[in-house]
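Worksheet: the structure to be examined is printed underneath.
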Amino acid sequence: MASNSHSPRFVRWSGYFAPTLREEPGDAEVVSHRLMLKAGMIRKVAAGIYDLLPLGLRGLRKVEAIVREEMDRAGAHEVLLPMVTPAELWQETGRWDVYGKELLRFQDRHERWFCLGPTHEEVITDLVRREVRSHRQLPITLYQIQTKFRDEVRPRFGLMRGREFMMKDAYSFDRSDPEAEATYGRMREAYDRVFARCGLRFTSVEAATGAIGGSFSHEYMVLAESGEDQTVSCSKCGFAANIEFAATAPIPSGSRSLQAASDAHPGGRTLQGTPDALPGSRTLQGASASSDAGSLSAPRRKIPRLPGEPSPSPIEPPAPCPKCSAPLSLTRGIEVGHVFKLGEKYSKAMKATFLDAEGKERTMVMGCYGIGIGRTFAAAIEQGHDENGPILPPSIAPFHVLLTTVAQDPRALEAAESLAKELNGAGIEVLWDDRDERAGVKFKDGDLTGIPVKIVVGKRFIEKGTIEIKPRRDGAACEVPPSAALAAAHEFLAR
RNA sequence: CCGGGAGUGGCGCAGCCUGGUAGCGCACCUGCUUUGGGAGCAGGGGGUCCCCGGUUCGAAUCCGGGCUCCCGGACCA
């Protein structure tokens with residue numbers, strides 16, 4: 001499990017800042033939004049703009065840490081680019097005029113135009129073109145984890161679709177097309193690892209790229225009923241695609257186009273095709289579809305049909321899989337990640353070139369790769385919750401163990417504290433609810449944290465010297481002496 | 001941006017139609033009782049009723065304009 005060395009690993013609830021709500025928040029429909037408000041993880045500041053409170057921030061930091069580790073493992077290097085970016089860079093690629101109102105623009109005191117960065121192709125390309133001259137400095141992949149701003153017409157669903165949001169965006173620069181595709185493949189493997197480590201059931205699907213010709217992309221979807229996107233998937237061969245893409249993909253000739261579309265993209269192999277390297281017991285369903293890091297907070301893309309093509313009808317399960325003819329199933333998903341092969345779109349416009357071994361000037365081949373950090377955390381709640389609150393995977397829960405003392409008896413408190421310290425020494429992060437509250441209040445609040453393992457020190461400890469330990473997910477408690485708690489906690493966390 | 005809904009103590013809401021002392025639950029403070037799934041009783045504090053203007057003896061309530069927020073949709077290279 002990933003943990004941040006800079007966040008406290010043992011926190012007492014008394015004195016902590018986790019203002020839970022007793023009543024249902026009035027203006028939240030979606031589960032993750034409602035529960036995050038109720039748990040005191042977030043508070044709204046304006047439409048699509050939120051405060052992240054300690055519990056919520058810890059969750060996001062966990063996701064962030066996993067993303068960072070996997071990016072580093074894939075050979076990418078972390079940078080931090082400015083959030084405020086000058087108009088000139090955007091004018092170079094024409095996006096200053098094209099982007100529209102989503103790009104929040106403003107002037108500084110000298111009346112120079114700037115915007116809040118919604119994505120950073122221009123900024124990163126500017127950096128790289130100035131510093132990279134030789135083929136010997138390539139390939140290189142840079143990434144950052146940063147707050148982005150997109151002035152969405154209608155933000156909604158809390159962290160799932162905000163205007164300000166935390167995003168990891170990576171950009172690769174390669175010397176050739178094949179090299180760029182290899183990088184793309186490595187990024188896809190990193191993405192598979194990230195979402196698997198986050199404990200999510202997900203799928204990746206192919207997408208057509210619309211206006212950006214010659215390129216391709218994949219989007220990563222967390223499977224959840226509340227998802228805005230629909231995908232079709234085949235449980236037999238692992239094929240998967242965004243339903244809109246599946247229904248509208250161009251048909252080269254006879255065969256219904258899914259297969260052709262899928263095969264046409266080198267990055268499009270399914271996870272079953274890359275059985276290596278993925279830890280954990282995730283349920284993956286395949287590979288599928290969409291656009292650059294820029295579209296992360298903008299799911300649902302309509303892919304234009306070719307002229308003269310018959311009007312497509314959506315693929316309704318149980319349609320046969322275009323690859324293996326097994327029945328397709330329909331799932332809903334939340335787009336949490338996007339990888340996109342950009343080609344030369346930005347490098348050409350901004351003259352990001354290098355000299356190859358023959359001394360010839362060539363244009364860099366780019367890719368970009370986004371992950372919505374907050375959205376991933378919210379998606380985990382969409383996927384894991386019950387009527388009492390979130391049920392989070394250990395890897396991204398704000399703490400690993402919630403220790404609740406129900407009796408304010410000095411012996412119980414003492415036992416709890418030494419237990420907390422023992423767990424802590426073993427690398428387990430503990431939130432100890434030491435508040436002088438009624439048991440009911442503590443249990444209700446405790447469930448709202450989403451922490452996967454619960455330990456109760458109370459009446460039975462006073463009577464029999466035992467404590468209760470149980471997983472948040474299914475309430476089956478076991479009663480053990482405190483000396484057995486560490487082993488039990490490890491066991492539950494490993495499930 | 002189109003359509004629908006809503007702004008009233010910190011939170012959730014009623015009151016508005018039919019103008020006349022601003023209410024309820026939760027939270028908060030005090031006391032007593034209680035103590036394993038959001039306790040009970042008693043007492044208490046807390047309000048520019050979103051804003052501006054109009055009608056009226058009198059506006060939370062009626063009228064006009066504006067702002068903000070939520071939901072559905074469109075949009076989201």
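Here is the naming used below: chain letters follow the sequence lines, and residue numbers restart at 1 for every chain.
- Distance noted for atom P between B:C69 and B:U33: 49 Å (whole Å).
- Nearest nucleotide to the A:Arg161 side chain, out of B:G37, B:G38, B:C76: B:C76.
- The side chain of A:Arg154 contributes no N or O atom lying less than 4.0 Å from OP1 or OP2 of B:C2.
- Summary of the strand contacts: A:Pro25 and A:Thr20 both lie near RNA chain B, and taking for each the nucleotide with the nearest heavy atom, the more 5' one is attributed to A:Pro25.
- Among the protein residues, A:Gly458 comes within range of the nucleic acid bases, having at least one heavy atom under 4.0 Å from a base atom.
- Taking atom C1' in both B:G15 and B:G9, one finds a spacing of 15 Å when rounded to whole Å.
- Nearest to the side-chain atoms of A:Asp27 among the listed nucleotides B:C76, B:C75, B:C69 stands B:C69.
- Between A:Tyr143 and A:Tyr171, the ring center distance fails the sub-6.0 Å criterion.
- Counting to the nearest Å, the C1' atom of B:G37 and the CG atom of A:Asp445 are 11 Å from each other.
- Rounded to whole Å, the P atom of B:U8 lies 25 Å from the corresponding atom of B:G3.
- If you take atom C1' in B:C28 and the same atom in B:G10, they sit 9 Å apart, rounded to whole Å.
- Rounded to a whole Å, the CZ atom of A:Arg460 is 11 Å from the P atom of B:G37.
- Of all nucleotides present, only B:U68 satisfies the Watson-Crick or G-U wobble test against B:A6, with each distance under 3.5 Å.
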Return the polar atom pairs (N/O with N/O) between nucleotides 44-51 of chain B and the protein under 3.5 Å, or none.
none

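- Listed by chain and number, the residues in a salt bridge (charged side-chain N to carboxylate O under 4.0 Å, His left out) with A:Arg43 amount to none (sequence neighbours excluded).
- With sequence neighbours excluded, no residue forms a salt bridge (charged side-chain N to carboxylate O under 4.0 Å, His left out) with A:Glu422.
- Atom CG of A:Leu402 and atom P of B:G36 are 18 Å apart (whole Å).
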TODO: Starting from the C-alpha separation in whole Å, work towards a yes-or-no answer on ring pair (Phe, Tyr, Trp, His ring centres under 6.0 Å) for A:Phe216 and A:Tyr184.
DONE: CA-CA 10 Å; A:Phe216 49 84; A:Tyr184 184 90; 4.8 Å; yes
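- Atom CE in A:Met167 sits 8.0 Å away from atom NE2 in A:His120 (nearest 0.5 Å).
- For A:Glu479, the side-chain hydrogen bond (donor to acceptor under 3.5 Å, both in side chains) test picks out A:Lys464, A:Thr466, with sequence neighbours left out.
- Distance CD (A:Glu463) to P (B:U35): 14 Å, rounded to an integer number of Å.
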Pairs under 3.5 angstrom, nitrogen or oxygen only, protein versus nucleotides 26-32 of chain B, please.
{"residue": "B:A27", "atom": "OP1", "partner": "A:Arg22", "partner atom": "NH2", "Å": "3.4"}

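- Here CD1 of A:Ile469 is found 9.0 Å from CD of A:Glu491. Values are rounded to the nearest 0.5 Å.
- Applying the salt bridge (charged side-chain N to carboxylate O under 4.0 Å, His left out) test to A:Arg154 and every residue at least two apart in sequence or in another chain returns nothing.
- Here B:G38 is the nucleotide among B:C76, B:G38, B:G36 with the atom lying nearest to any side-chain atom of A:Val441.
- For A:Lys444, counting side-chain heavy atoms from C-beta on, the closest listed nucleotide (B:C75, B:G37, B:C71) is B:G37.
- Qualifying ring-ring contact (aromatic ring centres under 6.0 Å, His included) partners for A:Tyr50, counting only residues two or more places apart in sequence or in other chains: A:His33.
- With a 3.5 Å ceiling on both atom-pair distances, the Watson-Crick or G-U wobble partner of B:C1 is B:G73.
- A:Glu164 has no carboxylate O lying under 4.0 Å from a charged side-chain N of A:Lys148, or vice versa, which leaves the two without a salt bridge.
- For B:U56, there is no paired nucleotide, since no Watson-Crick or G-U wobble pair has both relevant distances below 3.5 Å.
- Of the candidate nucleotides B:G72, B:C69, B:G36, B:G36 has the atom lying nearest to any side-chain atom of A:Ala439.
- Remark: B:G25 base-pairs with B:C11. Criterion, Watson-Crick or G-U wobble with two distances under 3.5 Å.
- Annotation: proximity of residues 377-385 of chain A to RNA chain B (heavy atom, distance under 4.0 Å) is found for no residue.
- When the P atom is compared between B:U55 and B:A60, the two are found 16 Å apart, to the nearest whole Å.
- A:Arg43 has its CZ atom 16 Å from the C1' atom of B:C69, to the nearest Å.
- Base pairing of B:C41 is made with B:G31, judged by Watson-Crick or G-U wobble geometry with both donor-acceptor distances under 3.5 Å.
- Rounded to whole Å, atom C1' of B:C70 lies 15 Å from atom CZ of A:Arg34.
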Between side-chain atoms of residues 453-463 of chain A and protein atoms elsewhere (two or more places apart, or another chain), which donor-acceptor pairs fall under 3.5 Å?
{"residue": "A:Lys454", "atom": "NZ", "partner": "A:Asp447", "partner atom": "OD1", "Å": "2.8"}
{"residue": "A:Arg460", "atom": "NH1", "partner": "A:Glu468", "partner atom": "OE1", "Å": "2.7"}
{"residue": "A:Arg460", "atom": "NH1", "partner": "A:Glu468", "partner atom": "OE2", "Å": "3.3"}

Between side-chain atoms of residues 15-23 of chain A and protein atoms elsewhere (two or more places apart, or another chain), which donor-acceptor pairs fall under 3.5 Å?
{"residue": "A:Thr20", "atom": "OG1", "partner": "A:Asp445", "partner atom": "OD1", "Å": "2.9"}
{"residue": "A:Thr20", "atom": "OG1", "partner": "A:Asp445", "partner atom": "OD2", "Å": "3.4"}

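- In this structure, A:Glu468 reaches the bases: a heavy-atom distance under 4.0 Å links it to at least one base atom across the strands shown.
- Residue contacts shown for A:Leu448 include a base, since a base heavy atom lies under 4.0 Å away.
- Per the geometry, CD1 belonging to A:Ile455 stands 17 Å off C1' belonging to B:G36, to the nearest Å.
- Distance check on atom C1': B:G7 versus B:C51 gives 11 Å, rounded to whole Å.
- Sorted by first and then second residue, the salt bridge (Lys or Arg N to Asp or Glu O under 4.0 Å) pairs with a member in residues 376-389 of chain A read A:Asp386-A:Arg472; sequence neighbours excluded.
- From A:Ile371, atom CD1 reaches atom NZ of A:Lys168 across 4.5 Å, with rounding to the nearest 0.5 Å.
- B:A59 and B:C16 are spaced 10 Å apart, taking the C1' atom of each and rounding to whole Å.
- B:A42 and B:C26 have their P atoms separated by 12 Å, given to the nearest Å.
- Looking at heavy-atom distances under 4.0 Å, A:Lys44 makes contact with sugar-phosphate atoms alone, never a base.
- Taking only side-chain atoms of A:Phe443, from C-beta outward, the nucleotide of B:G72, B:G38, B:G37 with the closest atom is B:G37.
- Taking a pair to require two hydrogen-bonding distances under 3.5 Å in either a Watson-Crick or a G-U wobble arrangement, B:C49 remains unpaired.
- Residues passing the salt bridge (charged side-chain N to carboxylate O under 4.0 Å, His left out) test with A:Arg438, sequence neighbours excluded: none.
- In this structure, A:Leu37 places its CG atom 11 Å from P of B:C70, rounding to the nearest Å.
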